[in-house]
Student: 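Quick one: this structure, given as structure tokens, is what I'll be asking you about.
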Amino acid sequence: MTYAQLALSLIFIAIPLGLALVLKLGLEKDIIIATVRSIIQLLIIGYILTFVFESDNPVYIILMILLMIAAATQNIIKKGDGIPGITWMIVFTLVVVEVVTMGIMLGFGIIPFVPEEVIPISGMIIGNCMVLSLLFLNRFKDEVDRSDETIELILSMGGQPKVAIDKSLKSAIQTSMIPTIEAQKTMGLVQLPGMMSGLIIGGAAPMEAVMYQLLILFLILTTAAMSSVMVGYLAYPKLFNQKMQFVGLQYRK
């Protein structure tokens, strides 16, 4: 694709922008900002990745992964307002999920340790972990706000914090995982996934593209489970004090 062809593709931005203006949705500024940011960020990362791929240095691979973790953490913690220590919980979760999944793939020789494979797949792992953590935190905070009286009642009757929060915690985990599970059920029937489509457009054989896409689907399911469960079980104790009293979400003023 040439830069001229890329410029022509901006017509796909004009359509939602026009609809937002006509319907007075108030999204025009956000659409423009999102478009400009995506162009700048992707062009910059394109040049960075070109340098990293050509250098083939493990240090640059690790630095790229750390950069992705830092950016994802910064985005997630905005939704974690009210939960003390949410930053280190998210960093810990992202690092553990990345180390476990990438360790399995490299350890069993599923993929080679080359930047062309490690960095894009790490981006998918961390990005999906970020989305699932956001979904979980959003749902968990709603559940806690809605169930605060029930939680306090269980505690007043001698129940442990884990028992009091159990229903809210598991409901939030289930809700955050359902979209991933449902999307996987219809994969290949309703849509051709992004990685598979990209490989086919790039000239890969369809079956090779399918195998890579299956790997990503399995990874996404793992990250969905690990991220939701880890963030949940790290976060809920922060809603109780040392005397096992429910203090709830502690929003910064």
Student: Give, for atom CD1 of Ile45 and atom CD1 of Ile40, the distance between the pair rounded to the nearest 0.5 Å.
Tutor: 14.0 Å
Student: Count the heavy atoms belonging to other residues, nucleotides or ligands that lie under 6.0 Å from CD of Gln74, then report whether that count exceeds 12.
Tutor: no
Student: Run the salt-bridge test on Asp166 and Lys170 with the 4.0 Å N-O cut-off and return the result as yes or no.
Tutor: yes
Student: Just jot down the side chain to side chain donor-acceptor pair (under 3.5 Å) partners of Thr35, sequence neighbours excluded, or say none.
Tutor: none
Student: Do Ile48 and Leu67 have side-chain heavy atoms sitting under 4.5 Å apart?
Tutor: no
Student: For Met177 and Ala224, work out which heavy atoms get closest and say how close.
Tutor: CG-O, 3.8 Å
Student: Mind running side-chain contact (heavy atoms from CB on, under 4.5 Å) on Gln160 and Ile154 for me, showing each step along the way?
Tutor: CA-CA 8 Å; Gln160 296 294 313; Ile154 293 173; over 6 Å; no
Student: Does one hydrophobic cluster hold both Leu43 and Ile33, with members joined at side-chain heavy-atom distances below 4.5 Å?
Tutor: no
Student: With under 30° as parallel and over 60° as perpendicular, where do the rings of Phe136 and Phe140 fit, or are they tilted in between?
Tutor: parallel
Student: Is there a side-chain contact between Asp148 and Phe246, using heavy atoms and a 4.5 Å cut-off?
Tutor: yes
Student: If every non-hydrogen atom of Met244 is compared with every non-hydrogen atom of Pro161, which pair is closest and at what distance?
Tutor: SD-CD, 3.7 Å
Student: When you compare the side chain of Ile65 with that of Ile126, does any pair of heavy atoms fall below 4.5 Å?
Tutor: yes
Student: Quick one: are Met124 and Leu219 in side-chain contact, heavy atoms under 4.5 Å?
Tutor: no
Student: Only counting residues at least two apart or in another chain, list the ones meeting side chain to side chain donor-acceptor pair (under 3.5 Å) with Thr73.
Tutor: none
Student: Report the C-alpha separation of Val144 and Ile165 in whole Å, then their side-chain angles, then the decisive distance to 0.1 Å, and conclude whether the side-chain contact (heavy atoms from CB on, under 4.5 Å) test is met.
Tutor: CA-CA 8 Å; Val144 169; Ile165 203 75; 4.1 Å; yes
Student: Can you get from Val114 to Tyr60 by hopping between Ile, Leu, Val, Met, Phe, Trp and Tyr side chains that sit under 4.5 Å apart?
Tutor: no
Student: If you take all heavy atoms of Ala172 and Arg139, which pair is closest and at what distance?
Tutor: CA-CG, 3.5 Å
Student: About how many Å separate OH of Tyr233 and OG of Ser228, when rounded to the nearest 0.5 Å?
Tutor: 11.5 Å
Student: Might you point out which heavy atoms bring Leu25 and Glu28 nearest each other, and give the distance in Å?
Tutor: N-OE2, 4.4 Å
Student: Nearest heavy-atom pair of Pro84 and Lys238: which atoms, and what distance?
Tutor: O-CG, 3.5 Å
Student: Indicate yes or no: at least one non-hydrogen side-chain atom of Met105 is less than 4.5 angstrom from one of Val118.
Tutor: no
Student: Atom CD1 of residue position Ile15 - does it have more than 12 heavy atoms of other residues, nucleotides or ligands inside 6.0 Å?
Tutor: yes
Student: Among residues two or more places apart or on two chains, list those pairs meeting side-chain hydrogen bond (donor to acceptor under 3.5 Å, both in side chains) that have a residue in residues 84-112.
Tutor: Glu98-Ser122
Student: For the CE atom of Met230 and the CD1 atom of Ile90, what is their distance to the nearest 0.5 Å?
Tutor: 9.5 Å
Student: Between Thr222 and Ile125, does a side-chain contact (heavy atoms from CB on, under 4.5 Å) hold up when you go through it step by step?
Tutor: CA-CA 9 Å; Thr222 291; Ile125 293 169; over 6 Å; no
Student: Is it possible for you to say whether Leu153 and Leu155 belong to one hydrophobic cluster, with membership spreading through side-chain heavy-atom contacts below 4.5 Å?
Tutor: no
Student: Atom CD1 of Ile119 and atom CE of Met64: how far apart are they, to the nearest 0.5 Å?
Tutor: 5.0 Å
Student: If you measure from CG on Asn138 to OG on Ser133, what distance do you get to the nearest 0.5 Å?
Tutor: 12.0 Å
Student: With clusters defined by side-chain heavy atoms of hydrophobic residues (ILVMFWY) lying less than 4.5 Å apart, directly or transitively, does Leu94 cluster with Phe92?
Tutor: yes
Student: Going through the checks in order, is the side-chain contact (heavy atoms from CB on, under 4.5 Å) test met by Leu137 and Val231?
Tutor: CA-CA 8 Å; Leu137 287 171; Val231 174; 3.9 Å; yes
Student: Looking at Ser171 and Ser168, would you say the former's side chain and the latter's main chain have a donor-acceptor pair under 3.5 Å?
Tutor: no
Student: State, with a plain yes or no, whether a side-chain heavy atom of Leu132 is found less than 4.5 Å away from one of Met226.
Tutor: no
Student: If you group Ile, Leu, Val, Met, Phe, Trp and Tyr by side-chain heavy-atom gaps below 4.5 Å, do Ile216 and Met207 land in one group?
Tutor: no
Student: Mark yes or no for whether Ser176, through its side chain, and Ile173, through its backbone, hold a donor-acceptor pair below 3.5 Å.
Tutor: yes
Student: How close do Pro115 and Asp56 get, heavy atom to heavy atom, and via which atoms?
Tutor: CD-OD1, 3.1 Å
Student: Say you draw a straight line from CD of Gln184 to CG of Leu214; how long is it, rounded to the nearest 0.5 Å?
Tutor: 8.5 Å
